[in-house]
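Written out below as structure tokens is the structure these notes cover.
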Amino acid sequence: MSDFFNDIYDVVLLIPSGKVTSYGAIANYLGTKGSARIVGWAMNQVPKNSNIPAHRVVNRNGCLTGRHHFNPPEKMQQLLENEGIKISNHCIENFKTCFWDPSIELNL
DNA sequence: ACGTTGACTGGTC
DNA sequence: TGACCAGCCAACG
């Protein structure tokens, strides 16, 4: 487990309920802008027993691209809707509204 | 050690 | 508007 993953998990855990962020935002917060793919890998490698809200992490379009990695996949959208986030066609409607940028919110 | 893939992003065509 | 390329890092065969 690289420190990178640890940092990613830490940031994801800091995402407040009802908010979402993007892979690029996390990567940017960690200082590795081009490493957005690593964030996706981290989500894929996230332990099931962990309380990491991976459902709050979406791509830059606000689409639930990683929903297929959930169990069941529809659970991701369900969780987001449960937090007050509007989902349409597996994409966040008010993505810009509920977007949570760690590099800004954490005032880094 | 090397090549491929992956829940990405930004830019160009 | 949709498709493709390059960049980035880590894991896997």
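These numbers were taken from a predicted model, which means no experiment stands behind them. Proteins come first, then strands; the chains are lettered A, B, ... in the order of their sequence lines, and each starts at number 1.
Listed by chain and number, the residues in a side chain to side chain contact (heavy atoms under 4.5 Å, CB included) with Ile15(A) are Val12(A), Lys19(A), Thr21(A), Arg56(A), Val57(A), Trp100(A) (sequence neighbours excluded). For Glu93(A), the side chain to side chain contact (heavy atoms under 4.5 Å, CB included) test picks out Lys86(A), Ser88(A), with sequence neighbours left out. Checked against side chain to side chain contact (heavy atoms under 4.5 Å, CB included), Lys33(A) has no partners two or more places apart in sequence or in another chain. Residues forming a side-chain hydrogen bond (donor to acceptor under 3.5 Å, both in side chains) with Asp101(A) (at least two apart in sequence, or on another chain): Ser103(A).
Contacts between residues 74-97 of chain A and DNA chain B, defined by a heavy-atom separation below 4.0 Å, involve no residue at all.
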Please set out all donor-acceptor pairs under 3.5 angstrom arising from side-chain atoms of residues 61-73 of chain A, sequence neighbours excluded.
residue, atom, partner, partner atom, Å
Arg67(A), NE, Leu64(A), O, 2.8
Arg67(A), NE, His90(A), ND1, 2.8
Arg67(A), NH1, His90(A), ND1, 2.8

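Contacts of Ser22(A) with the nucleic acid, taken as non-hydrogen atoms under 4.0 Å apart, involve only primed sugar atoms and P, OP1 or OP2. Using a 4.0 Å heavy-atom cutoff across all strands shown, Asn44(A) reaches at least one base atom of the nucleic acid.
Across the protein-nucleic acid pair, Ile26(A) atom CD1 and dA10(C) atom C1' stand 16 Å apart, rounded to whole Å. In this entry the distance linking CG of Leu30(A) with P of dT9(B) reads 14 Å, nearest Å. Distance CZ (Phe99(A)) to P (dT9(B)): 9 Å, rounded to an integer number of Å. Residue Asp7(A) contributes atom CG, which lies 12 Å from atom P of dA10(C) at whole-angstrom precision. Rounded to an integer number of Å, the gap from CZ of Phe4(A) to P of dA11(C) is 11 Å. Atom C1' of nucleotide dA7(B) and atom CZ of Phe5(A) are separated by 12 Å, given to the nearest angstrom. dA10(C) atom P lies 9 Å from atom CD1 of Ile8(A), rounded to whole Å. Protein atom CD of Gln45(A) is 11 Å distant from nucleotide atom P of dA7(B), rounded to whole Å.
Along DNA chain B, the nucleotide closest to Lys33(A) and the one closest to Gly40(A) are compared, and the more 5′ of them pairs with Gly40(A).
The side chain of Ile38(A) sits closest to dC9(C) out of dA7(B), dC9(C), dA10(C). The listed nucleotides are dG6(B), dT9(B), dA7(B); the one nearest the side chain of Asn59(A) is dT9(B). For Ser35(A), taking side-chain heavy atoms from C-beta onward, the closest of the listed nucleotides dC8(C), dA7(B), dT9(B) is dC8(C). Of the listed nucleotides (dG10(B), dG6(B), dA7(B)), dG6(B) has the atom at the smallest distance from the side chain of Trp41(A). Side-chain proximity of Ala36(A) to the nucleotides dA7(B), dT9(B), dG6(B) is greatest for dT9(B).
Minimum interatomic distance between Ile38(A) and Ile8(A) (heavy atoms only, all atoms of both residues): O-CD1, 4.1 Å.
Residue Arg67(A) places none of its side-chain N or O atoms closer than 4.0 Å to OP1 or OP2 of dA7(B).
The CE atom of Met43(A) sits 6.0 Å away from atom OH of Tyr9(A), with the distance rounded to the nearest 0.5 Å.
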